[in-house]
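Residue numbers begin at 1 in each chain, while the letters A, B, ... track the order of the sequences.
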Amino acid sequence: LASSGKPHAHRIAESGIDWDRTCCRELTMEFTVLFLAIAIVMLVAWRGSRTLAMGLFAGVWIACVATYLHHATDVLKLSF
Amino acid sequence: MTQTRAIILNALSLYALAGLLAAAFAAQLLLGELPCPLCLLQRIMFATLAVGPILNIRFGPRPSHYALSLLSAVAGAVVSSRQVLLHIMPGDLGYGSALLGYHYYSWALIGFIAAIVLLAAILLFDRQFEDDGAAQPVAGGGFAYVAVWLVIGLTAMNVVSSFLECGPRACADNPVVYELLKHGS
């Protein structure tokens, strides 16, 4: 994942998206929230209804893909 | 393969996932290697793999439950592939230490591909989807009960760990300290 603090124009050129104009320019606690969400899905799958668990799973899966795509549009660093 | 045997296999897969999440924790705690954002996302995808087996154990095996795990495995393979490609240039030492010659994200890619193959293989057995007369809801006994709570517990531990590592902000690209602990130490 690319580091934050890149020049603004550079980011737009790489991603084609102006993240500053979106709601998720800097996602906060994204991984903590995703871990918490998936733990809740597991609990619902084990204790609650099947339909609700599958619906929640769909939401978490889409959030995971969105998180990946958000970072995948960052500038690539080929080494750390 | 009967419904009962399929449930035992699903419980075993949960133990495998729990072992994997525990190994990642061991590397984090014993070797002091904090997971990067892509590494965390791969852990999350391994955790989401567990939802299908949990549903299979609770409600009985269904193709839709396996489909959830397949979706997770494909997404996980995409994420780990990206990290492999980030370090594919000659001379790049990769991120973190290697285990048996492969970095963790390479092992993760192998794991997700293995999961896709195994899920496809288990879907070949149609008899598991027929009710074999076991009392509903299918519980799987203590063996499955422990497996489910083990995976849920390890996922809950990751909630705490990722919060300590990242704090209330976006995670560092190359984390070396726990954000919430660095001021206290």
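With respect to chain B, the highest number of heavy-atom pairs below 4.5 Å among A:Thr32, A:Ile38, A:Ile40 belongs to A:Thr32. Top candidate by heavy-atom pairs under 4.5 Å with chain A, chosen from B:Arg62, B:Glu165, B:Arg43, is B:Arg62. By number of non-hydrogen pairs under 4.5 angstrom with chain B, the leading residue of A:Val33, A:Leu43, A:Val65, A:Val41 is A:Leu43. The greatest number of non-hydrogen atom pairs below 4.5 Å with chain A, out of B:Ala156, B:Ser72, B:Gly167, is found for B:Ser72. Contacts with chain A were tallied for B:Gly52, B:Ser64, B:Ala75; B:Ser64 has the most, counting heavy-atom pairs under 4.5 Å.
One distance of note links CE of A:Met42 with CG of B:Leu14; it measures 8.5 Å at 0.5 Å rounding. Rounding to the nearest 0.5 Å places CZ of B:Phe59 at 9.5 Å from CH2 of A:Trp46. For the atom pair CG of B:Leu40 and OG1 of A:Thr67, the computed distance is 11.5 Å after rounding to the nearest 0.5 Å. Note that the CG atom of B:Leu41 and the CG atom of A:Leu34 stand 7.0 Å from one another [nearest 0.5 Å]. Going from atom CG of B:Leu68 over to atom CE of A:Met54 covers 4.0 Å, rounded to the nearest 0.5 Å.
For chain A, the nearby part of B:Val148 is the side chain; its heavy atoms alone come within less than 4.5 Å. Interface residue B:Val151: backbone and side-chain heavy atoms are both found under 4.5 Å from chain A.
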Steps toward side chain to side chain contact (heavy atoms under 4.5 Å, CB included) verdict (A:Met29, B:Cys166): CA-CA 7 Å; A:Met29 299 174 63; B:Cys166 307; over 6 Å; no
Stepwise side chain to side chain contact (heavy atoms under 4.5 Å, CB included) test for B:Met45 and A:Trp61: CA-CA 9 Å; B:Met45 298 321 300; A:Trp61 190 85; 4.2 Å; yes
Working for side chain to side chain contact (heavy atoms under 4.5 Å, CB included), residues B:Ser161 and A:Phe35: CA-CA 10 Å; B:Ser161 165; A:Phe35 273 122; over 6 Å; no
CA sep, side-chain torsions, deciding dist, call: B:Ser162, A:Glu30, side chain to side chain contact (heavy atoms under 4.5 Å, CB included): CA-CA 9 Å; B:Ser162 60; A:Glu30 52 195 313; over 6 Å; no
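A donor-acceptor pair under 3.5 Å links the side-chain atoms of B:Arg58 to the main chain of A:Gly48, judged by distance alone.
By the rule that hydrophobic residues join a cluster once side-chain heavy atoms approach within less than 4.5 Å of another member, B:Leu34 and B:Leu31 end up as members of separate clusters. In the hydrophobic clustering of ILVMFWY residues, with side-chain heavy atoms under 4.5 Å counting as a link, A:Leu69 and B:Phe112 come out together. B:Leu20 and B:Leu49 end up in the same hydrophobic cluster when Ile, Leu, Val, Met, Phe, Trp and Tyr side chains are linked at under 4.5 Å. Under the 4.5 Å side-chain heavy-atom criterion for Ile, Leu, Val, Met, Phe, Trp and Tyr, B:Leu99 and B:Leu30 are members of distinct hydrophobic clusters. No continuous path of ILVMFWY side-chain contacts below 4.5 Å connects B:Val79 to B:Ile110, so the two sit in separate hydrophobic clusters.
In this structure the side chain of B:Phe163 never reaches within 4.5 angstrom of the side chain of A:Phe31, judged on heavy atoms.
Atom CZ of B:Phe125 has 12 or fewer neighbouring heavy atoms from other residues, nucleotides or ligands inside a 6.0 Å radius.
In this structure, A:Leu36 and B:Val159 approach most closely via the heavy-atom pair N-CG2, 3.5 Å.
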